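Encoded as structure tokens, the structure appears first; notes follow it.
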Amino acid sequence: MSLRPLLKASAVFRNGHGLRKAIQCNSFSTFTSSQILRKELDGPSYSSKPSGPLSPKHVDLPEPLPKGQRKPLPTPLKVLIRRAKEEKTLNREAEQRVLHPPENGLLVPELIKVSHEVYQASITVRLGVRKLLNVLSVHTCRFCPEVHIGRLGHELRTCKGPKSGSRNALHVWIRGSVDHVVDPIDCFHLYDRVGNPRVSHNDMHQIPRIPAIVELCIQAGLDLKECPTRRRVHPVYIVAGQITDFEPSTPYHVKDLQVSNDFCLKELDLKEVSLLSNAQEIQQTGEMTLEAWERMRVGAREIMKKYPVKIVVIARRFKWVQRDTK
């Protein structure tokens with residue numbers, strides 16, 4: 001029986017795979033027609049045992065350790081102890097290290113003016129929003145932080161507050177205020193940001209909380225009578241790995257300081273807020289408020305390049321210091 005038609009048909013059936021393989025092997029005479037058909041239908045054969053080196057995913061898992069034996073550390077404990085001793089020795093022998101503002105307790109001169117501008121812009125923003133609230137309506141949901149500006153609240157079923165399932169996720173709208181438009185995020189006020197940068201859990205209820213933007217301006221150079229802070233004349237140094245302050249400290253008690261969260265608008269009397277009579281005044285007030293908002297954002301971003309910021313995302317708590325809270 002001639003193998004030429006059969007090889008031609010099988011090559012057309014398999015796109016020439018078996019024919020090319022047979023030509024490379026040079027074994028036309030050793031295969032019968034049934035063997036060639038079987039090889040074409042079965043396809044290329046693979047060995048169950050890999051011929052090359054084992055890949056990492058085929059390596060056997062290590063045996064489980066006994067219950068009394070711990071998992072070994074990535075770095076041996078003796079190596080960690082030796083490194084700690086070496087670092088401690090270097091810190092003792094280290095010379096005085098000079099810090100730069102604001103890490104040494106001094107102010108950054110070019111940011112003092114920026115801090116005053118940011119503070120004034122924050123007052124302008126809140127004052128402008130108070131004026132616009134006399135003309136426009138702000139509604140907030142009673143059960144969730146949703147805010148809607150308009151005569152009537154929307155009817156979107158997006159409420160995720162308590163018992164929202166019984167209301168088919170509908171919002172329950174109530175009258176809003178300035179705090180719903182300009183969210184007053186607050187933080188702890190620190191008297192000494194370098195000497196005592198931490199806020200312990202026991203002092204949490206004694207240290208006052210003020211708006212975060214105001215605390216940022218105070219640390220950058222803004223002076224307020226309601227929030228006293230320590231201004232250093234001489235810088236601090238790091239000697240032997242510890243902060244050394246050569247300036248005598250003044251006695252200060254946190255309990256004597258009582259600060260209100262709305263103290264930054266203390267000089268603004270709500271009765272003196274003029275009502276907007278025509279559309280032109282409303283437009284000018286809106287443009288002025290937006291310009292002040294942009295100045296506040298740009299200035300705060302410039303200050304934050306020098307003064308470190310700490311934020312807790314889950315608790316939504318800000319702290320403008322070099323160390324976090326305990």
Side-chain angles (χ1 to χ4, degrees), residues 96-129 182-199 207-238 243-250 252 254 257 259-268 288-312 316-325:
Q96 173 182 325
R97 192 177 67 174
V98 180
L99 301 176
H100 300 282
E103 296 179 356
N104 58 1
L106 302 181
L107 299 176
V108 182
E110 56 269 17
L111 293 180
I112 298 177
K113 183 179 179 181
V114 179
S115 65
H116 288 76
E117 293 177 355
V118 172
Y119 177 71
Q120 293 298 330
S122 65
I123 294 179
T124 305
V125 169
R126 293 186 65 92
L127 182 59
V129 172
V182 185
D183 195 359
I185 302 175
D186 56 353
C187 67
F188 291 104
H189 171 62
L190 298 180
Y191 174 74
D192 189 0
R193 61 181 176 85
V194 177
N196 189 16
R198 288 186 178 272
V199 179
I207 298 179
R209 300 176 68 90
I210 63 176
I213 189 67
V214 179
E215 176 65 18
L216 180 64
C217 296
I218 290 174
Q219 294 195 13
L222 178 67
D223 293 326
L224 295 177
K225 296 181 180 179
E226 295 85 353
C227 292
T229 183
R230 182 179 180 182
R231 302 296 185 191
R232 281 183 167 81
V233 181
H234 304 285
V236 300
Y237 301 91
I238 291 184
I243 296 178
T244 303
D245 189 5
F246 298 99
E247 185 176 339
S249 60
T250 57
Y252 172 73
V254 180
L257 182 61
V259 181
S260 175
N261 287 343
D262 202 25
F263 79 96
C264 61
L265 296 176
K266 188 176 180 180
E267 65 275 8
L268 301 177
M288 180 185 63
T289 305
L290 286 178
E291 292 176 358
W293 174 265
E294 190 63 25
R295 291 198 306 270
M296 184 181 66
R297 288 181 63 254
V298 174
R301 188 177 301 175
E302 185 178 355
I303 296 175
M304 289 166 59
K305 292 180 180 179
K306 291 290 185 179
Y307 291 85
V309 178
K310 300 289 184 180
I311 176 176
V312 181
R316 201 183 180 188
R317 180 170 296 177
F318 285 75
K319 198 167 187 291
W320 312 90
V321 295
Q322 296 181 1
R323 298 182 183 178
D324 52 355
T325 57

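Just so you know, residue 1 is the first one in the sequence shown, and it goes up from there. Bear in mind that the values here come from a model prediction, so they are computed numbers and not experimental data.
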Exercise for review: To the nearest 0.5 angstrom, please state how far the CZ atom of Arg126 sits from the CH2 atom of Trp293.
Suggested key: 10.5 Å
Exercise for review: Looking only at non-hydrogen atoms, find the nearest pair between Gly128 and Thr289 and report the distance.
Suggested key: CA-OG1, 3.4 Å
Study note, to complete from the structure: Minimal heavy-atom distance between Val108 and Pro102, with the atoms involved, is CG2-CD, 3.9 Å
Point to revise | Point-to-point distance, once rounded to the nearest 0.5 Å, from CD1 of Ile213 to SG of Cys187 | key: 10.0 Å
**Study point:** Closest contact, heavy atoms only, Ile303 versus Ala220
**Key:** CG2-CB, 3.8 Å
Check your understanding: For the side chain of His234 and the backbone of Asp245, is there at least one donor-acceptor N/O pair under 3.5 Å apart?
Key -> no
Check your understanding: To the nearest 0.5 Å, what is the distance between CZ (Arg193) and CD1 (Ile218)?
Key -> 12.0 Å
Check your understanding: If you take all heavy atoms of Gln219 and Leu107, which pair is closest and at what distance?
Key -> O-CD2, 3.4 Å
Review point. Going by heavy atoms in the side chains, are Pro235 and Leu99 under 4.5 Å from each other?
Key: no
Review point. How about Arg301: does its CZ atom have over 12 heavy atoms from other parts shown lying under 6.0 Å from it?
Key: no
Review point. Which is it for Glu215 and Asp186 under the side-chain contact (heavy atoms from CB on, under 4.5 Å) test, yes or no, and what are the steps along the way?
Key: CA-CA 9 Å; Glu215 176 65 18; Asp186 56 353; over 6 Å; no
Exercise for review: Given side-chain contact (heavy atoms from CB on, under 4.5 Å), test Val182 with Val125 step by step and report yes or no.
Suggested key: CA-CA 8 Å; Val182 185; Val125 169; 4.0 Å; yes
**Study point:** Atom pair CZ (Arg297) and OG (Ser122), whose distance is rounded to the nearest 0.5 Å
**Key:** 14.5 Å
Review point. Is it true that a side-chain atom of Thr229 and a backbone atom of Tyr191 form a donor plus acceptor pair closer than 3.5 Å?
Key: yes
Exercise for review: Working to the nearest 0.5 Å, report the span between NZ of Lys306 and CD of Glu110.
Suggested key: 6.5 Å
Study note, to complete from the structure: Rounded to the nearest 0.5 Å, the CG atom of Leu190 sits from the CD1 atom of Ile210 at a distance of 9.0 Å
Study note, to complete from the structure: Smallest heavy-atom separation, Leu222 atom then Ser115 atom, equals N-OG, 3.7 Å
